[in-house]
Number of protein chains: 2
Amino acid sequence: MERSERGRPAVYCSRSCQARAYRQRRNPPAPVTPPETERPDAHARKRRRIAEAVWRIASEHGLHTVSMRKVAAEAGVSLRMVQYYFDGKHALLVDALRLLHVENERLARARIPSDAADPRRLLRALLDEFLPLDGQRAFALRVFTAYYARSLADPALAAVFLAAEHPLERLVADIITMGQAAGSTVPGLDARREADLLVAGITGLGLDVLHERRSLADVRAVADYHLARIFAVEEGPPARSADHPRSDPA
Amino acid sequence: MERSERGRPAVYCSRSCQARAYRQRRNPPAPVTPPETERPDAHARKRRRIAEAVWRIASEHGLHTVSMRKVAAEAGVSLRMVQYYFDGKHALLVDALRLLHVENERLARARIPSDAADPRRLLRALLDEFLPLDGQRAFALRVFTAYYARSLADPALAAVFLAAEHPLERLVADIITMGQAAGSTVPGLDARREADLLVAGITGLGLDVLHERRSLADVRAVADYHLARIFAVEEGPPARSADHPRSDPA
DNA sequence: ATCATGATGATACGTTTGTATCGTAGCCTC
DNA sequence: GAGGCTACGATACAAACGTATCATCATGAT
(Lines give C-alpha, C1' and ligand atoms only; values in the text may rest on other atoms or scores of the structure.)
Protein backbone atom coordinates (compact mmCIF):
# COMPACT_ATOMS: atom_id res chain seq x y z
CA MET A 1 0.00 0.00 0.00
CA GLU A 2 2.95 2.36 0.19
CA ARG A 3 2.07 5.26 -2.02
CA SER A 4 5.55 6.47 -2.70
CA GLU A 5 8.67 4.38 -2.84
CA ARG A 6 10.61 6.81 -4.98
CA GLY A 7 10.97 10.55 -5.24
CA ARG A 8 11.02 12.96 -2.42
CA PRO A 9 9.73 11.38 0.79
CA ALA A 10 6.28 12.47 1.79
CA VAL A 11 6.46 15.06 4.51
CA TYR A 12 3.31 16.95 3.82
CA CYS A 13 3.33 20.64 4.53
CA SER A 14 -0.38 20.79 5.11
CA ARG A 15 -3.60 18.90 4.69
CA SER A 16 -4.35 20.79 1.53
CA CYS A 17 -1.04 19.78 -0.02
CA GLN A 18 -1.64 16.21 0.90
CA ALA A 19 -5.12 16.29 -0.55
CA ARG A 20 -3.91 17.73 -3.82
CA ALA A 21 -1.14 15.16 -4.04
CA TYR A 22 -3.62 12.40 -3.43
CA ARG A 23 -5.95 13.67 -6.10
CA GLN A 24 -3.15 14.04 -8.60
CA ARG A 25 -2.01 10.55 -7.87
CA ARG A 26 -5.46 9.22 -8.59
CA ASN A 27 -5.78 10.53 -12.14
CA PRO A 28 -2.33 10.46 -13.69
CA PRO A 29 -3.27 11.29 -17.29
CA ALA A 30 -1.81 14.54 -18.52
CA PRO A 31 -2.56 17.55 -16.45
CA VAL A 32 0.72 18.79 -17.90
CA THR A 33 0.66 20.44 -21.30
CA PRO A 34 -2.78 19.35 -22.30
CA PRO A 35 -3.29 21.87 -25.09
CA GLU A 36 -0.16 20.66 -26.89
CA THR A 37 -0.48 23.18 -29.70
CA GLU A 38 -2.10 26.24 -28.22
CA ARG A 39 -0.42 28.65 -25.81
CA PRO A 40 1.28 30.17 -28.81
CA ASP A 41 3.96 32.15 -27.10
CA ALA A 42 5.94 31.36 -24.00
CA HIS A 43 5.33 27.64 -23.88
CA ALA A 44 6.51 27.02 -27.41
CA ARG A 45 9.49 29.27 -26.91
CA LYS A 46 10.64 27.36 -23.86
CA ARG A 47 10.28 24.08 -25.67
CA ARG A 48 12.20 25.42 -28.57
CA ARG A 49 14.95 26.66 -26.31
CA ILE A 50 15.31 23.25 -24.73
CA ALA A 51 15.21 21.56 -28.10
CA GLU A 52 18.02 23.80 -29.28
CA ALA A 53 20.10 22.56 -26.39
CA VAL A 54 19.47 19.01 -27.59
CA TRP A 55 20.61 19.98 -31.06
CA ARG A 56 23.78 21.57 -29.80
CA ILE A 57 24.77 18.63 -27.66
CA ALA A 58 23.93 16.15 -30.40
CA SER A 59 25.86 18.13 -32.96
CA GLU A 60 28.93 18.57 -30.84
CA HIS A 61 29.18 15.36 -28.87
CA GLY A 62 26.71 13.00 -30.45
CA LEU A 63 23.20 11.99 -29.70
CA HIS A 64 24.31 9.32 -27.27
CA THR A 65 25.69 11.93 -24.89
CA VAL A 66 22.37 13.73 -24.62
CA SER A 67 20.98 13.39 -21.13
CA MET A 68 18.23 15.29 -19.44
CA ARG A 69 20.64 16.94 -17.06
CA LYS A 70 23.05 18.00 -19.78
CA VAL A 71 20.19 19.39 -21.81
CA ALA A 72 18.95 21.31 -18.79
CA ALA A 73 22.39 22.75 -18.15
CA GLU A 74 22.93 23.63 -21.79
CA ALA A 75 19.57 25.34 -22.01
CA GLY A 76 20.11 27.11 -18.73
CA VAL A 77 17.05 25.67 -17.09
CA SER A 78 16.51 23.18 -14.33
CA LEU A 79 16.14 19.47 -14.79
CA ARG A 80 12.57 19.78 -13.65
CA MET A 81 11.81 22.10 -16.56
CA VAL A 82 13.00 19.60 -19.12
CA GLN A 83 10.77 17.05 -17.50
CA TYR A 84 7.93 19.51 -17.44
CA TYR A 85 8.03 20.59 -21.04
CA PHE A 86 8.70 17.19 -22.51
CA ASP A 87 7.19 13.90 -21.65
CA GLY A 88 10.31 11.98 -20.75
CA LYS A 89 13.54 11.54 -22.60
CA HIS A 90 12.26 9.73 -25.61
CA ALA A 91 9.61 12.32 -26.29
CA LEU A 92 12.24 14.99 -25.88
CA LEU A 93 14.39 13.45 -28.57
CA VAL A 94 11.51 12.91 -30.94
CA ASP A 95 10.12 16.41 -30.46
CA ALA A 96 13.54 17.96 -30.83
CA LEU A 97 13.90 16.20 -34.16
CA ARG A 98 10.50 17.40 -35.27
CA LEU A 99 11.32 20.95 -34.34
CA LEU A 100 14.65 20.80 -36.12
CA HIS A 101 12.91 19.55 -39.19
CA VAL A 102 10.44 22.40 -39.41
CA GLU A 103 13.16 24.88 -38.57
CA ASN A 104 15.38 23.53 -41.28
CA GLU A 105 12.66 23.58 -43.86
CA ARG A 106 11.92 27.17 -42.96
CA LEU A 107 15.53 28.17 -43.40
CA ALA A 108 15.97 26.24 -46.61
CA ARG A 109 12.85 27.73 -48.09
CA ALA A 110 14.15 31.17 -47.27
CA ARG A 111 17.52 30.45 -48.81
CA ILE A 112 16.58 29.07 -52.19
CA PRO A 113 15.57 31.82 -54.58
CA SER A 114 11.89 31.74 -55.29
CA ASP A 115 12.26 32.98 -58.86
CA ALA A 116 11.97 29.67 -60.59
CA ALA A 117 13.29 31.06 -63.82
CA ASP A 118 16.31 28.90 -64.51
CA PRO A 119 15.75 25.24 -63.60
CA ARG A 120 19.43 24.55 -63.47
CA ARG A 121 20.17 27.32 -61.06
CA LEU A 122 17.18 26.37 -58.98
CA LEU A 123 18.32 22.78 -58.80
CA ARG A 124 21.77 23.88 -57.85
CA ALA A 125 20.39 25.95 -54.99
CA LEU A 126 18.27 23.05 -53.85
CA LEU A 127 21.17 20.63 -53.78
CA ASP A 128 23.26 23.17 -51.93
CA GLU A 129 20.87 22.78 -49.04
CA PHE A 130 22.36 19.36 -48.35
CA LEU A 131 25.91 20.54 -48.22
CA PRO A 132 27.50 22.01 -45.12
CA LEU A 133 28.04 25.34 -46.86
CA ASP A 134 27.86 27.34 -43.68
CA GLY A 135 27.82 26.78 -39.96
CA GLN A 136 24.08 26.45 -39.78
CA ARG A 137 23.84 23.82 -42.48
CA ALA A 138 26.78 21.86 -41.11
CA PHE A 139 25.22 21.99 -37.70
CA ALA A 140 21.87 20.72 -38.93
CA LEU A 141 23.54 18.05 -41.03
CA ARG A 142 25.40 16.69 -38.05
CA VAL A 143 22.28 16.53 -35.96
CA PHE A 144 20.27 14.91 -38.70
CA THR A 145 22.96 12.32 -39.25
CA ALA A 146 23.01 11.38 -35.60
CA TYR A 147 19.24 11.09 -35.59
CA TYR A 148 19.18 9.18 -38.82
CA ALA A 149 21.37 6.44 -37.48
CA ARG A 150 19.31 6.19 -34.33
CA SER A 151 16.10 6.06 -36.32
CA LEU A 152 17.17 2.70 -37.73
CA ALA A 153 16.38 1.26 -34.31
CA ASP A 154 13.65 3.65 -33.22
CA PRO A 155 10.38 3.64 -35.12
CA ALA A 156 9.23 6.93 -33.63
CA LEU A 157 12.26 8.70 -35.04
CA ALA A 158 11.99 6.84 -38.31
CA ALA A 159 8.43 8.08 -38.65
CA VAL A 160 9.64 11.67 -38.52
CA PHE A 161 12.08 11.06 -41.33
CA LEU A 162 9.57 9.10 -43.34
CA ALA A 163 6.88 11.72 -43.15
CA ALA A 164 9.25 14.56 -43.71
CA GLU A 165 11.84 14.01 -46.32
CA HIS A 166 10.08 12.11 -48.97
CA PRO A 167 8.76 14.63 -51.45
CA LEU A 168 12.21 15.99 -51.96
CA GLU A 169 13.29 13.65 -54.70
CA ARG A 170 10.03 14.35 -56.42
CA LEU A 171 10.73 18.06 -56.30
CA VAL A 172 14.11 17.55 -57.89
CA ALA A 173 12.56 15.34 -60.51
CA ASP A 174 9.99 18.01 -61.23
CA ILE A 175 12.67 20.59 -61.74
CA ILE A 176 14.44 18.33 -64.20
CA THR A 177 11.17 17.66 -65.97
CA MET A 178 10.66 21.38 -66.14
CA GLY A 179 14.01 21.69 -67.84
CA GLN A 180 13.05 18.94 -70.23
CA ALA A 181 9.88 20.75 -71.13
CA ALA A 182 11.87 23.89 -71.75
CA GLY A 183 14.28 21.95 -73.94
CA SER A 184 17.29 22.86 -71.89
CA THR A 185 18.28 19.33 -70.97
CA VAL A 186 20.04 16.56 -72.74
CA PRO A 187 17.52 14.27 -74.46
CA GLY A 188 16.74 10.81 -73.21
CA LEU A 189 16.87 11.50 -69.51
CA ASP A 190 14.83 9.74 -66.89
CA ALA A 191 14.12 12.58 -64.53
CA ARG A 192 13.16 10.35 -61.60
CA ARG A 193 16.28 8.20 -61.75
CA GLU A 194 18.47 11.22 -62.12
CA ALA A 195 16.80 12.90 -59.18
CA ASP A 196 17.11 9.82 -57.00
CA LEU A 197 20.81 9.45 -57.49
CA LEU A 198 21.44 13.17 -57.27
CA VAL A 199 19.71 13.65 -53.95
CA ALA A 200 21.14 10.53 -52.37
CA GLY A 201 24.58 11.19 -53.78
CA ILE A 202 24.85 14.83 -52.82
CA THR A 203 23.62 14.02 -49.34
CA GLY A 204 26.29 11.37 -48.99
CA LEU A 205 28.98 13.65 -50.33
CA GLY A 206 27.89 16.30 -47.85
CA LEU A 207 28.51 13.80 -45.09
CA ASP A 208 31.94 13.16 -46.49
CA VAL A 209 32.63 16.85 -46.14
CA LEU A 210 31.60 16.74 -42.51
CA HIS A 211 33.96 13.87 -42.05
CA GLU A 212 36.69 15.87 -43.72
CA ARG A 213 37.06 13.04 -46.14
CA ARG A 214 36.40 15.43 -48.99
CA SER A 215 36.69 19.11 -49.62
CA LEU A 216 33.67 21.23 -50.24
CA ALA A 217 35.08 22.35 -53.53
CA ASP A 218 35.40 18.74 -54.60
CA VAL A 219 31.78 18.03 -53.86
CA ARG A 220 30.58 21.12 -55.64
CA ALA A 221 32.65 20.13 -58.63
CA VAL A 222 30.92 16.78 -58.70
CA ALA A 223 27.56 18.50 -58.48
CA ASP A 224 28.47 20.92 -61.23
CA TYR A 225 29.65 18.11 -63.45
CA HIS A 226 26.38 16.28 -63.14
CA LEU A 227 24.32 19.40 -63.54
CA ALA A 228 26.22 20.14 -66.70
CA ARG A 229 25.65 16.58 -67.78
CA ILE A 230 21.91 16.83 -67.26
CA PHE A 231 21.38 20.31 -68.57
CA ALA A 232 22.78 21.24 -71.92
CA VAL A 233 25.81 23.42 -71.43
CA GLU A 234 24.78 27.02 -71.53
CA GLU A 235 24.88 29.85 -69.03
CA GLY A 236 26.98 32.53 -70.70
CA PRO A 237 29.07 33.73 -67.75
CA PRO A 238 31.03 30.90 -66.19
CA ALA A 239 28.80 31.24 -63.17
CA ARG A 240 31.31 29.49 -61.00
CA SER A 241 29.90 30.37 -57.66
CA ALA A 242 32.49 28.59 -55.58
CA ASP A 243 34.62 26.35 -57.70
CA HIS A 244 37.97 27.46 -56.48
CA PRO A 245 39.04 25.27 -53.59
CA ARG A 246 38.86 28.28 -51.43
CA SER A 247 38.62 26.12 -48.37
CA ASP A 248 35.81 27.72 -46.51
CA PRO A 249 35.46 25.54 -43.43
CA ALA A 250 32.33 26.30 -41.46
CA MET B 1 47.25 6.24 1.49
CA GLU B 2 44.35 3.86 1.04
CA ARG B 3 45.34 1.61 -1.79
CA SER B 4 41.89 0.60 -2.86
CA GLU B 5 38.83 2.75 -2.61
CA ARG B 6 36.92 0.93 -5.30
CA GLY B 7 36.46 -2.63 -6.40
CA ARG B 8 36.29 -5.56 -4.16
CA PRO B 9 37.52 -4.70 -0.67
CA ALA B 10 40.95 -5.99 0.14
CA VAL B 11 40.71 -9.13 2.19
CA TYR B 12 43.87 -10.84 1.09
CA CYS B 13 43.79 -14.58 0.85
CA SER B 14 47.48 -14.93 1.44
CA ARG B 15 50.74 -13.02 1.55
CA SER B 16 51.51 -14.12 -2.01
CA CYS B 17 48.25 -12.74 -3.29
CA GLN B 18 48.87 -9.50 -1.54
CA ALA B 19 52.39 -9.29 -2.92
CA ARG B 20 51.19 -9.89 -6.43
CA ALA B 21 48.49 -7.30 -6.07
CA TYR B 22 51.02 -4.80 -4.86
CA ARG B 23 53.35 -5.49 -7.76
CA GLN B 24 50.58 -5.20 -10.26
CA ARG B 25 49.49 -1.95 -8.77
CA ARG B 26 52.99 -0.55 -9.19
CA ASN B 27 53.31 -1.05 -12.93
CA PRO B 28 49.89 -0.56 -14.45
CA PRO B 29 50.88 -0.60 -18.14
CA ALA B 30 49.45 -3.51 -20.02
CA PRO B 31 50.20 -6.90 -18.59
CA VAL B 32 46.95 -7.78 -20.34
CA THR B 33 47.07 -8.56 -24.02
CA PRO B 34 50.60 -7.42 -24.63
CA PRO B 35 51.17 -9.35 -27.86
CA GLU B 36 48.12 -7.71 -29.44
CA THR B 37 48.55 -9.55 -32.73
CA GLU B 38 50.18 -12.85 -31.91
CA ARG B 39 48.44 -15.73 -30.14
CA PRO B 40 46.79 -16.49 -33.44
CA ASP B 41 44.09 -18.79 -32.24
CA ALA B 42 42.04 -18.71 -29.10
CA HIS B 43 42.63 -15.12 -28.14
CA ALA B 44 41.59 -13.70 -31.44
CA ARG B 45 38.59 -16.00 -31.56
CA LYS B 46 37.33 -14.79 -28.22
CA ARG B 47 37.77 -11.20 -29.23
CA ARG B 48 35.95 -11.84 -32.41
CA ARG B 49 33.11 -13.54 -30.58
CA ILE B 50 32.71 -10.56 -28.30
CA ALA B 51 32.92 -8.15 -31.20
CA GLU B 52 30.16 -10.05 -32.94
CA ALA B 53 27.98 -9.46 -29.93
CA VAL B 54 28.65 -5.75 -30.27
CA TRP B 55 27.62 -5.92 -33.90
CA ARG B 56 24.41 -7.70 -33.14
CA ILE B 57 23.36 -5.31 -30.42
CA ALA B 58 24.29 -2.29 -32.51
CA SER B 59 22.45 -3.63 -35.51
CA GLU B 60 19.31 -4.51 -33.66
CA HIS B 61 18.99 -1.84 -31.02
CA GLY B 62 21.51 0.82 -31.94
CA LEU B 63 25.00 1.60 -30.86
CA HIS B 64 23.79 3.67 -27.94
CA THR B 65 22.34 0.60 -26.24
CA VAL B 66 25.65 -1.23 -26.28
CA SER B 67 26.91 -1.70 -22.76
CA MET B 68 29.59 -3.97 -21.44
CA ARG B 69 27.11 -6.07 -19.58
CA LYS B 70 24.81 -6.47 -22.55
CA VAL B 71 27.73 -7.40 -24.73
CA ALA B 72 28.85 -9.97 -22.20
CA ALA B 73 25.39 -11.48 -22.00
CA GLU B 74 24.97 -11.50 -25.78
CA ALA B 75 28.34 -13.15 -26.26
CA GLY B 76 27.66 -15.63 -23.49
CA VAL B 77 30.67 -14.62 -21.46
CA SER B 78 31.11 -12.82 -18.19
CA LEU B 79 31.51 -9.10 -17.80
CA ARG B 80 35.03 -9.70 -16.64
CA MET B 81 35.89 -11.32 -19.95
CA VAL B 82 34.81 -8.30 -21.93
CA GLN B 83 37.00 -6.20 -19.69
CA TYR B 84 39.82 -8.63 -20.10
CA TYR B 85 39.83 -8.87 -23.85
CA PHE B 86 39.23 -5.21 -24.54
CA ASP B 87 40.71 -2.20 -22.90
CA GLY B 88 37.56 -0.52 -21.70
CA LYS B 89 34.40 0.35 -23.49
CA HIS B 90 35.76 2.79 -25.99
CA ALA B 91 38.45 0.40 -27.15
CA LEU B 92 35.79 -2.28 -27.44
CA LEU B 93 33.74 -0.15 -29.79
CA VAL B 94 36.72 0.89 -31.88
CA ASP B 95 38.08 -2.63 -32.15
CA ALA B 96 34.68 -4.04 -32.98
CA LEU B 97 34.44 -1.57 -35.83
CA ARG B 98 37.88 -2.51 -37.07
CA LEU B 99 37.02 -6.17 -37.00
CA LEU B 100 33.76 -5.60 -38.80
CA HIS B 101 35.59 -3.70 -41.45
CA VAL B 102 38.09 -6.44 -42.21
CA GLU B 103 35.33 -9.04 -42.05
CA ASN B 104 33.22 -7.10 -44.47
CA GLU B 105 36.03 -6.57 -46.89
CA ARG B 106 36.75 -10.28 -46.81
CA LEU B 107 33.15 -11.15 -47.57
CA ALA B 108 32.83 -8.53 -50.28
CA ARG B 109 36.01 -9.65 -51.94
CA ALA B 110 34.71 -13.20 -51.98
CA ARG B 111 31.38 -12.12 -53.40
CA ILE B 112 32.44 -10.02 -56.35
CA PRO B 113 33.54 -12.16 -59.27
CA SER B 114 37.24 -11.94 -59.83
CA ASP B 115 36.98 -12.34 -63.58
CA ALA B 116 37.34 -8.73 -64.52
CA ALA B 117 36.15 -9.36 -68.03
CA ASP B 118 33.14 -7.09 -68.30
CA PRO B 119 33.65 -3.74 -66.56
CA ARG B 120 29.95 -3.09 -66.42
CA ARG B 121 29.19 -6.35 -64.71
CA LEU B 122 32.09 -5.87 -62.36
CA LEU B 123 30.89 -2.40 -61.42
CA ARG B 124 27.43 -3.68 -60.87
CA ALA B 125 28.72 -6.36 -58.51
CA LEU B 126 30.77 -3.78 -56.66
CA LEU B 127 27.84 -1.42 -56.16
CA ASP B 128 25.73 -4.33 -55.01
CA GLU B 129 28.00 -4.57 -52.02
CA PHE B 130 26.48 -1.41 -50.62
CA LEU B 131 22.93 -2.57 -50.89
CA PRO B 132 21.23 -4.72 -48.27
CA LEU B 133 20.78 -7.54 -50.73
CA ASP B 134 20.86 -10.21 -48.08
CA GLY B 135 20.78 -10.51 -44.34
CA GLN B 136 24.50 -10.23 -43.96
CA ARG B 137 24.81 -7.06 -45.99
CA ALA B 138 21.82 -5.46 -44.32
CA PHE B 139 23.27 -6.36 -40.97
CA ALA B 140 26.65 -4.85 -41.75
CA LEU B 141 25.06 -1.78 -43.26
CA ARG B 142 23.08 -1.13 -40.12
CA VAL B 143 26.13 -1.44 -37.94
CA PHE B 144 28.23 0.75 -40.18
CA THR B 145 25.55 3.40 -40.23
CA ALA B 146 25.38 3.50 -36.46
CA TYR B 147 29.14 3.77 -36.26
CA TYR B 148 29.31 6.36 -38.98
CA ALA B 149 27.06 8.73 -37.11
CA ARG B 150 29.01 8.26 -33.93
CA SER B 151 32.28 8.83 -35.73
CA LEU B 152 31.25 12.41 -36.38
CA ALA B 153 31.93 13.03 -32.69
CA ASP B 154 34.61 10.43 -32.08
CA PRO B 155 37.96 10.86 -33.82
CA ALA B 156 39.07 7.32 -33.08
CA LEU B 157 36.08 5.94 -34.96
CA ALA B 158 36.47 8.48 -37.70
CA ALA B 159 40.04 7.33 -38.20
CA VAL B 160 38.84 3.80 -38.92
CA PHE B 161 36.48 5.06 -41.59
CA LEU B 162 39.05 7.40 -43.05
CA ALA B 163 41.74 4.79 -43.35
CA ALA B 164 39.40 2.15 -44.59
CA GLU B 165 36.89 3.33 -47.09
CA HIS B 166 38.74 5.77 -49.18
CA PRO B 167 40.15 3.87 -52.13
CA LEU B 168 36.72 2.66 -53.06
CA GLU B 169 35.71 5.56 -55.24
CA ARG B 170 39.04 5.25 -56.95
CA LEU B 171 38.36 1.61 -57.69
CA VAL B 172 35.02 2.47 -59.24
CA ALA B 173 36.65 5.22 -61.24
CA ASP B 174 39.27 2.77 -62.44
CA ILE B 175 36.62 0.38 -63.63
CA ILE B 176 34.90 3.12 -65.57
CA THR B 177 38.22 4.17 -67.01
CA MET B 178 38.77 0.58 -68.00
CA GLY B 179 35.46 0.67 -69.84
CA GLN B 180 36.49 3.89 -71.52
CA ALA B 181 39.68 2.32 -72.72
CA ALA B 182 37.73 -0.63 -74.08
CA GLY B 183 35.41 1.77 -75.85
CA SER B 184 32.31 0.43 -74.16
CA THR B 185 31.29 3.69 -72.52
CA VAL B 186 29.58 6.79 -73.68
CA PRO B 187 32.14 9.39 -74.75
CA GLY B 188 32.87 12.48 -72.73
CA LEU B 189 32.62 10.96 -69.29
CA ASP B 190 34.57 12.09 -66.28
CA ALA B 191 35.23 8.80 -64.58
CA ARG B 192 36.06 10.31 -61.22
CA ARG B 193 32.95 12.45 -60.98
CA GLU B 194 30.79 9.59 -62.08
CA ALA B 195 32.36 7.30 -59.54
CA ASP B 196 31.96 9.81 -56.73
CA LEU B 197 28.26 10.29 -57.25
CA LEU B 198 27.65 6.62 -57.91
CA VAL B 199 29.27 5.40 -54.72
CA ALA B 200 27.78 8.09 -52.54
CA GLY B 201 24.39 7.78 -54.17
CA ILE B 202 24.11 4.03 -54.07
CA THR B 203 25.21 4.02 -50.46
CA GLY B 204 22.52 6.54 -49.59
CA LEU B 205 19.89 4.61 -51.51
CA GLY B 206 20.91 1.49 -49.65
CA LEU B 207 20.19 3.29 -46.42
CA ASP B 208 16.80 4.25 -47.77
CA VAL B 209 16.11 0.58 -48.27
CA LEU B 210 17.03 -0.14 -44.66
CA HIS B 211 14.63 2.58 -43.66
CA GLU B 212 11.96 1.01 -45.83
CA ARG B 213 11.68 4.31 -47.55
CA ARG B 214 12.43 2.63 -50.84
CA SER B 215 12.18 -0.82 -52.30
CA LEU B 216 15.22 -2.76 -53.27
CA ALA B 217 13.93 -3.13 -56.79
CA ASP B 218 13.63 0.62 -57.04
CA VAL B 219 17.22 1.15 -56.03
CA ARG B 220 18.48 -1.46 -58.41
CA ALA B 221 16.50 0.18 -61.17
CA VAL B 222 18.24 3.45 -60.42
CA ALA B 223 21.59 1.71 -60.49
CA ASP B 224 20.77 -0.03 -63.74
CA TYR B 225 19.66 3.21 -65.31
CA HIS B 226 22.92 4.92 -64.49
CA LEU B 227 25.02 1.95 -65.49
CA ALA B 228 23.21 1.96 -68.81
CA ARG B 229 23.81 5.67 -69.05
CA ILE B 230 27.53 5.28 -68.47
CA PHE B 231 28.12 2.18 -70.50
CA ALA B 232 26.80 1.99 -74.01
CA VAL B 233 23.72 -0.23 -74.03
CA GLU B 234 24.71 -3.77 -74.78
CA GLU B 235 24.57 -7.01 -72.80
CA GLY B 236 22.20 -9.30 -74.64
CA PRO B 237 20.77 -11.37 -71.75
CA PRO B 238 19.30 -9.31 -68.91
CA ALA B 239 22.18 -10.59 -66.77
CA ARG B 240 20.51 -10.24 -63.42
CA SER B 241 23.27 -11.48 -61.19
CA ALA B 242 21.60 -11.72 -57.79
CA ASP B 243 18.15 -10.29 -57.71
CA HIS B 244 16.58 -12.72 -55.34
CA PRO B 245 17.15 -11.56 -51.77
CA ARG B 246 18.39 -14.86 -50.50
CA SER B 247 18.24 -13.69 -46.90
CA ASP B 248 21.34 -15.10 -45.33
CA PRO B 249 21.37 -13.59 -41.83
CA ALA B 250 24.84 -14.64 -40.80
C1' DA C 1 58.66 -27.71 -5.43
C1' DT C 2 58.11 -23.02 -6.22
C1' DC C 3 56.72 -19.41 -8.60
C1' DA C 4 55.20 -16.50 -12.45
C1' DT C 5 51.59 -15.96 -15.66
C1' DG C 6 47.23 -16.03 -18.33
C1' DA C 7 42.39 -16.78 -18.08
C1' DT C 8 38.39 -16.37 -15.56
C1' DG C 9 35.02 -15.82 -11.50
C1' DA C 10 33.16 -12.75 -8.15
C1' DT C 11 32.10 -8.60 -6.21
C1' DA C 12 31.90 -3.99 -5.10
C1' DC C 13 32.47 1.18 -5.69
C1' DG C 14 31.29 5.61 -7.37
C1' DT C 15 28.78 7.98 -10.78
C1' DT C 16 25.28 9.03 -14.03
C1' DT C 17 20.65 8.66 -15.59
C1' DG C 18 15.67 8.66 -15.96
C1' DT C 19 11.98 9.43 -13.36
C1' DA C 20 8.95 10.26 -9.41
C1' DT C 21 7.40 12.66 -6.33
C1' DC C 22 6.49 16.83 -2.73
C1' DG C 23 6.29 21.67 -2.16
C1' DT C 24 5.41 26.57 -3.34
C1' DA C 25 4.45 30.92 -5.67
C1' DG C 26 1.52 33.32 -8.79
C1' DC C 27 -2.37 33.61 -11.01
C1' DC C 28 -7.51 33.33 -11.98
C1' DT C 29 -12.28 32.35 -10.73
C1' DC C 30 -16.02 31.54 -7.83
C1' DG D 1 -10.43 34.33 0.55
C1' DA D 2 -10.53 29.44 -0.55
C1' DG D 3 -9.42 26.47 -4.11
C1' DG D 4 -7.91 25.28 -8.71
C1' DC D 5 -4.38 25.60 -12.17
C1' DT D 6 0.23 26.27 -14.34
C1' DA D 7 5.05 26.96 -13.84
C1' DC D 8 8.82 25.99 -11.28
C1' DG D 9 12.34 24.43 -7.32
C1' DA D 10 14.22 20.74 -4.61
C1' DT D 11 15.14 16.27 -3.68
C1' DA D 12 15.31 11.43 -3.71
C1' DC D 13 15.77 6.82 -5.43
C1' DA D 14 16.41 2.57 -8.07
C1' DA D 15 18.67 0.89 -11.93
C1' DA D 16 22.38 0.75 -14.99
C1' DC D 17 26.96 1.62 -16.14
C1' DG D 18 32.08 1.66 -16.44
C1' DT D 19 35.67 0.27 -13.90
C1' DA D 20 38.60 -1.57 -10.25
C1' DT D 21 40.02 -4.64 -7.67
C1' DC D 22 40.91 -9.63 -5.21
C1' DA D 23 40.73 -14.68 -5.69
C1' DT D 24 41.36 -19.04 -8.04
C1' DC D 25 42.99 -22.44 -11.11
C1' DA D 26 45.50 -24.10 -14.62
C1' DT D 27 50.05 -24.57 -17.06
C1' DG D 28 54.63 -24.09 -17.82
C1' DA D 29 59.24 -22.44 -16.46
C1' DT D 30 62.97 -22.51 -12.80
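Throughout, protein chains are lettered first and strands after them, A, B, ... in sequence-line order, and every chain is numbered starting at 1.
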Rounding to an integer number of Å, can you tell me how far [X] [atom1] sits from [N] [atom2]?
{"X": "Gln83(A)", "N": "dT6(D)", "atom1": "CD", "atom2": "P", "answer": "18 Å"}
{"X": "His43(B)", "N": "dT8(C)", "atom1": "NE2", "atom2": "P", "answer": "9 Å"}
{"X": "Ile57(B)", "N": "dC17(D)", "atom1": "CD1", "atom2": "C1'", "answer": "14 Å"}
{"X": "Leu79(B)", "N": "dA12(C)", "atom1": "CG", "atom2": "P", "answer": "14 Å"}
{"X": "Asp87(B)", "N": "dG18(D)", "atom1": "CG", "atom2": "P", "answer": "15 Å"}
{"X": "Met68(A)", "N": "dA12(D)", "atom1": "CE", "atom2": "P", "answer": "21 Å"}
{"X": "Lys46(B)", "N": "dA7(C)", "atom1": "NZ", "atom2": "C1'", "answer": "8 Å"}
{"X": "Lys70(B)", "N": "dT19(D)", "atom1": "NZ", "atom2": "P", "answer": "15 Å"}

dT16(C) phosphate, OP1 or OP2, under 4.0 Å from Ser67(A) side-chain N/O: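 It does not, given that no N or O in the side chain of Ser67(A) lies less than 4.0 Å from OP1 or OP2 of dT16(C).
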Tyr84(B) vs dG9(C): side-chain N/O to OP1/OP2 distance below 4.0 Å: no
Geometric class of the His211(A)/Tyr148(B) ring pair [parallel <30°, tilted 30-60°, perpendicular >60°]: tilted
Taking NZ, NE, NH1 and NH2 as the nitrogens, is one of them in [X] or [Y] under 4.0 Å from a carboxylate oxygen of the other?
{"X": "Glu103(B)", "Y": "Arg106(B)", "result": "yes"}
{"X": "Arg150(A)", "Y": "Asp154(A)", "result": "no"}
{"X": "Asp128(A)", "Y": "Arg111(A)", "result": "no"}

Comparing Arg80(B) and Lys89(B) on DNA chain D - which has the more 5′ nearest nucleotide: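 The residue closer to the strand's 5' end, by nearest nucleotide, is Lys89(B).
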